[in-house]
Amino acid sequence: MPELPEIETIKNGLLEKVLGKPILEVEVNNASVLRGGKNIFKKTLGGESFTDITRRGKMLIFEIGENVADKKFLLARLGMTGRLVYFDSDDALWGGYSFKDKKSFSHKHCHVIFTFEGGGVLLFCDVRRFGYMEIVDEMGLKNKLEEFGPEPLSPDFTLGIFRDIARNKKTNIKAFLLNQKYIAGIGNIYADEILFESKIDPQRSIDSLSVKEIRAVYDAIGKILKKAVANRGTTFSDYVDAAGDKGNFKKFLKVYGRAGEQCLRCDTKKIRKIKIAGRGTSYCECCQK
DNA sequence: CCTTGTGTTCTCCG
DNA sequence: CCGGAGAACACAAG
């Protein structure tokens with residue numbers, strides 16, 4: 001499940017690999033992962049290069065070309081199982097590349113292939129096809145960006161801002177953390193880890209949280225996400241970075257995926273798993289109140 | 001049946 | 001009856 005730390009890691013990897021490289025060809029094997037037509041997609045990208053790559057929440061933004069007057073952007077969302085992997089040679093496409101996770105790398109799930117000058121290829125693969133790519137103009141990008149709450153690792157994301165966002169919310173803290181319009185980039189893994197770190201029961205409603213508890217959640221958001229970025233994200237099942245490598249944060253997970261196991265903090269209760277907002281939620285009844 | 005990110009639709013409430 | 005918030009559902013396939 002690529003969340004903020006995973007998308008950030010992919011973005012950094014792609015910046016090193018594809019920035020400024022002319023795109024020779026775009027092959028679309030499955031147009032259902034494109035929003036908008038395949039022809040517009042190929043026409044917009046052909047002969048251009050990515051002049052910048054940024055991230056907003058779980059969305060990747062590729063700036064296309066040097067034309068300042070009429071900028072276009074490629075937006076990529078990976079959904080649950082989407083991957084963006086770069087290979088220095090297109091041998092990868094024909095089985096000649098020693099991919100580190102061969103089992104889950106299947107040509108049949110490669111929906112878009114970008115070929116760069118010099119022979120590098122960038123693959124957009126997605127088994128479940130929840131992910132998609134889309135070309136937008138400046139206005140379209142602006143509209144998309146407005147759907148997101150603040151970036152939790154930005155200096156603009158202050159305790160005061162967090163309190164303002166949380167004010168008057170009736171929903172539970174877990175659903176709140178997952179909602180991209182409140183804070184951008186948190187998904188199911190980090191929501192559970194943040195609530196474990198801050199010792200808050202995921203079922204608690206926002207308006208029941210004390211000033212101190214709000215601050216604990218705020219602090220945990222920064223702490224967990226920073227550490228996850230530093231460790232190149234979490235690989236639970238599908239996630240790999242732009243080079244095909246797994247993330248290293250899994251070993252630091254304290255609740256996610258530990259249902260039925262002894263709590264690592266209080267060592268008195270087993271981690272319980274319930275469903276909140278339709279999502280599996282792991283927490284310790286003993287230490288999260 | 002389970003898994004989750006996101007886009008849509010439904011329902012509730014003032 | 002309108003708007004907004006929040007909840008519920010739909011989707012995909014291993």
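Residue numbers start from 1 in every chain, and the chains themselves are labelled A, B, ... in the order their sequence lines are given, proteins ahead of strands. Everything numeric in this text was worked out from a predicted model, so none of it was measured.
- Tested against A/Tyr283, the residues A/Arg272, A/Lys199, A/Lys269, A/Lys273 include a single side chain to side chain donor-acceptor pair (under 3.5 Å) partner, A/Arg272.
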A/Lys223 and A/Glu197: salt bridge (Lys or Arg N to Asp or Glu O under 4.0 Å), yes or no, with the steps? CA-CA 9 Å; A/Lys223 183 178 169 184; A/Glu197 174 68 26; 2.9 Å; yes
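- Contact check of residues 200-207 of chain A against DNA chain B (heavy atom, cut-off under 4.0 Å) returns no residues at all.
- Cation-pi geometry between A/Lys21 and A/Phe50 is not met: the NZ or CZ atom fails to fall both under 6.0 Å from the ring centre and inside 45° of the normal.
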Using the rule given for ring-ring contact (aromatic ring centres under 6.0 Å, His included), can you reason through A/Tyr256 versus A/Phe236, listing the C-alpha separation, both sets of side-chain angles and the distance that settles it, and then say yes or no? CA-CA 10 Å; A/Tyr256 184 88; A/Phe236 217 85; 4.9 Å; yes
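- Near DNA chain B, meaning a heavy atom under 4.0 Å away, there are no residues from residues 224-235 of chain A.
- Taking the screw axis at each terminus of the helix from B/dC2-C/dG14 to B/dG14-C/dC2 from five consecutive base pairs, the angle between the two is 40° to within rounding of 10 degrees.
- A side-chain donor-acceptor contact under 3.5 Å links A/Asp126 and A/Thr81.
- The backbone N or O of A/Ala184 lies less than 3.5 Å from no partner atom in the side chain of A/Glu151, so there is not a single donor-acceptor pair.
- A/Asp201 is linked by a side-chain hydrogen bond (donor to acceptor under 3.5 Å, both in side chains) to A/Gln203, counting only residues two or more places apart in sequence or in another chain.
- The side-chain hydrogen bond (donor to acceptor under 3.5 Å, both in side chains) search around A/Tyr132 returns A/Lys144, not counting sequence neighbours.
- Nucleotides of DNA chain B lying under 4.0 Å from heavy atoms of chain A occupy a range whose first and last members, 5' to 3', are B/dT3 to B/dG7.
- Within residues 129-139 of chain A, the residues approaching DNA chain C are A/Arg129, A/Phe130, by heavy-atom distance under 4.0 Å.
- Atom CG of A/Leu195 sits about 12.5 Å away from atom SG of A/Cys287, to the nearest 0.5 Å.
- Each of A/Lys275 and A/Phe148 was assigned the nucleotide of DNA chain B with the nearest heavy atom; the assignment lying further toward the 5' end belongs to A/Lys275.
- One side chain, A/Lys174 or A/Thr281, offers a donor N or O that lies under 3.5 Å from an acceptor on the other.
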Hey, what are the protein-to-nucleotides 6-10 of chain C N/O distances that come in under 3.5 Å?
from  : atom 1 : to       : atom 2 : distance (Å)
C/dG6 : OP1    : A/Lys170 : N      : 2.8
C/dG6 : OP2    : A/Tyr182 : OH     : 2.6
C/dA7 : OP2    : A/Thr171 : OG1    : 2.9

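- Nucleic acid contact class of A/Tyr256 (heavy atoms, under 4.0 Å, all strands): sugar-phosphate only.
- Judged as a ring pair (Phe, Tyr, Trp, His ring centres under 6.0 Å), and not counting sequence neighbours, the contacts of A/Phe249 are A/Tyr190, A/Phe252.
- Residues meeting the ring pair (Phe, Tyr, Trp, His ring centres under 6.0 Å) test with A/Phe157, sequence neighbours left out: A/Phe162, A/Tyr218.
- Under the rule for a salt bridge (charged side-chain N to carboxylate O under 4.0 Å, His left out), the partners of A/Glu8 that lie at least two apart in sequence or sit in another chain are A/Lys11, A/Arg55.
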Salt bridge (Lys or Arg N to Asp or Glu O under 4.0 Å) for A/Lys72 and A/Asp70? Distances and angles first, verdict last. CA-CA 7 Å; A/Lys72 295 283 193 291; A/Asp70 183 26; 3.0 Å; yes
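- For A/Phe196, there are no ring pair (Phe, Tyr, Trp, His ring centres under 6.0 Å) partners, not counting sequence neighbours.
- For the atom pair A/Asp241 CG and A/Ile10 CD1, the distance stands at 7.5 Å (nearest 0.5 Å).
- In this structure, CD on A/Glu147 lies 12.0 Å from NZ on A/Lys142, to the nearest 0.5 angstrom.
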